Amino acid sequence: MKKLISIVFGLCVALAADAQIRVAIHEEEGNQPVIRKEIYGHFAEHLGRCIYDGIWVGPDSEVPNVNGYRKDLVEALQELKVPVMRWPGGCFADEYHWKDGVGPKEDRPKMINSNWGGTIEDNSFGTHEFFNLCELLGCEPYLSGNVGSGTVEELAKWVEYITAEEGTMAEWRAENGRKEPWKLKYLGVGNESWGCGGSMRPEFYSDQYRRYATYCRNFDGNELYKVASGASDYDYNWTKVLMEQARWHMHGLSLHYYTVTDWNDKGSATEFTVDDYYDILAKAVEVDEVICNHKVIMDTYDPDHEVDLLLDEWGTWYNVEPGTNPGHLYQQNTMRDAIIAAMSLNIFHRHSDRLVMANIAQIVNVLQAMILTKGSEIVLTPTYHLFKMYNVHQDASFVPVEYQAGEIVSKSGRVMPDFSVTASRDADGVLHVSIVNPMADKPQEVVLEFDALNPRKVKGEILAAPSIQSFNDFGKEPQVAPKEFDQIKRKGSSVTVTIPAASVVTLSL
Ligand code: AHR
């Protein structure tokens, strides 16, 4: 049975219809939201080899570096156009004491990273190293403040240290090598405060949030955008209580959603069957329903959309690669992950009326990473290539589409569409359409029809691989990399493309 999926902005319904993949692109429909570039946000946590080895090798390393940051990584991330980076955690954030991470490196105390394998953290990557990295990449910093084991004063002083022009914190910052304040917009007040961030009840956290938010001040023209620690997955009560009790004090409320089908055995990142593949995909796209449900609650308390939603952790989470530290969450990344990223981003675009940021976990060497490193080698993952291909949608205007999709029922009974499309129009008026064919073994012919556009020039790029299990590995020819796509036929004002099995195509018209 085929369904007509109406991807009209903000509408989460499926209507019965008959079969054929014809996509109606409503590029003439005005008054659409912008797909905020922050939807393509990232997350760097002191976890495993994300910071050390991944981002930071130190200025004396044999690995080529720019002031301590891996040169290959910086170049790859500059090409990726990273809009925002969240740091220092995750769970790590609620045990992080920022004062330990500034000043001369030899004086910085060591700590045990108790969340992530008991690794010794030497604090050599701290506030200055993070803000300088953001400057190098041209991205907005997003700090997660310690509410679980810190104090109001500690967080308030961190904001002062970073943003004030004068005072003892500003003087200390200058002594540590930075005279000019940085700008800080995004401030997370705690992380997963219901769990690793303090095991709080939503009522208690609401009060804590209000208290912490009160003392995080705007100094010298800096304007904070304060984010309350939100729910995970299906915990709708957390969102309800926070919206009820603390919404006047927040600019945004966060949400976390990881793609895991079984927490006891999350499955291998690279060895999986076609049935496993559909099951994980179906779990990933359930994020649509989860976002819808949180939005409905937010709409009840905040019909004018004064509080934004930020999905500040998401991605696939598998068993660690054999032989690696279980606490370091190092996993490979296949074509399956790229398909999941594409289908997820297509969903996020549709929620741009309230969803203003999403941060995939984590940028390097952890979970659904963009980049993997080993010594001086680097690998760009399928997810990296997918993000780069989707860059065209950053800050573009959402374009509604309507299309017909069938349903795939996975081995655990989850239901997912067999096809997914998104479209946007950029500031130069170019229309970009991204099409995902998740079918493991079947190409799909797609006819694009427009309100008024008669496309004279169509360019295409495809991300495909020899198999859904294909991945890029150290010292080997990449298996998954984008290529030019030229299977494009124009007839009158419509465009017909054949999308190979398990692939993603972006067209620019
Ligand atoms: O990304 C790994 C962990 O998952 C984060 O530290 C935490 O916030 C979440 O539970």
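In this chain, numbering begins with 1 at the start of the sequence shown. As the structure lists them, so they are numbered: ligands from 1, and atoms in each ligand from 1. Model, not experiment: these values are computed from the prediction.
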**Qualifying residues under disulfide bond (SG atoms under 2.5 Å apart), relative to Cys196, sequence neighbours excluded** =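 Per chain and number, Cys196 pairs via disulfide bond (SG atoms under 2.5 Å apart) with Cys91.
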
**Message:** Applying side chain to side chain donor-acceptor pair (under 3.5 Å), can you list everything that pairs with Tyr234, at least two apart in sequence or on another chain?
**Reply:**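 Scan of Tyr234 (side chain to side chain donor-acceptor pair (under 3.5 Å), adjacent residues dropped) gives Lys283, Glu286.
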
Give a table of atom pairs where an N or O of ligand 1 lies under 3.5 Å from a protein N or O.
residue, atom, partner, partner atom, Å
ligand 1, 1 (O), Tyr258, OH, 2.8
ligand 1, 1 (O), Gln362, NE2, 2.7
ligand 1, 4 (O), Glu313, OE1, 3.4
ligand 1, 6 (O), Glu45, OE1, 2.8
ligand 1, 6 (O), Glu45, OE2, 3.0
ligand 1, 6 (O), Cys91, N, 2.8
ligand 1, 8 (O), Asn191, ND2, 3.1
ligand 1, 8 (O), Glu192, OE2, 3.4
ligand 1, 8 (O), Glu313, OE1, 3.0
ligand 1, 8 (O), Glu313, OE2, 2.8
ligand 1, 10 (O), Glu192, OE1, 2.7
ligand 1, 10 (O), Glu192, OE2, 3.2

**Message:** Using every non-hydrogen atom in the two residues, find where Ala342 and Tyr390 come nearest and quote the distance to one decimal.
**Reply:**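 What the structure gives for the nearest pair is CB-OH, 3.6 Å.
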
**Request:** Kindly indicate whether a cation-pi arrangement holds for Arg86 with Tyr186, taking the cut-offs as under 6.0 Å to the six-membered ring centre and within 45° of the axis.
**Result:**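 Checked: cation-pi criterion not met.
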
**Prompt:** Hey, does the Lys NZ or Arg CZ of Arg49 hover above the aromatic six-ring of Tyr330, less than 6.0 Å from the centre and inside 45° of the axis?
**Reply:**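 Because its charged atom sits under 6.0 Å from the ring centre and within 45° of the axis, Arg49 does stack over Tyr330.
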
**Prompt:** What residues form a salt bridge (charged side-chain N to carboxylate O under 4.0 Å, His left out) with Asp279, not counting sequence neighbours?
**Reply:**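 Salt bridge (charged side-chain N to carboxylate O under 4.0 Å, His left out) list for Asp279, sorted by chain: empty.
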
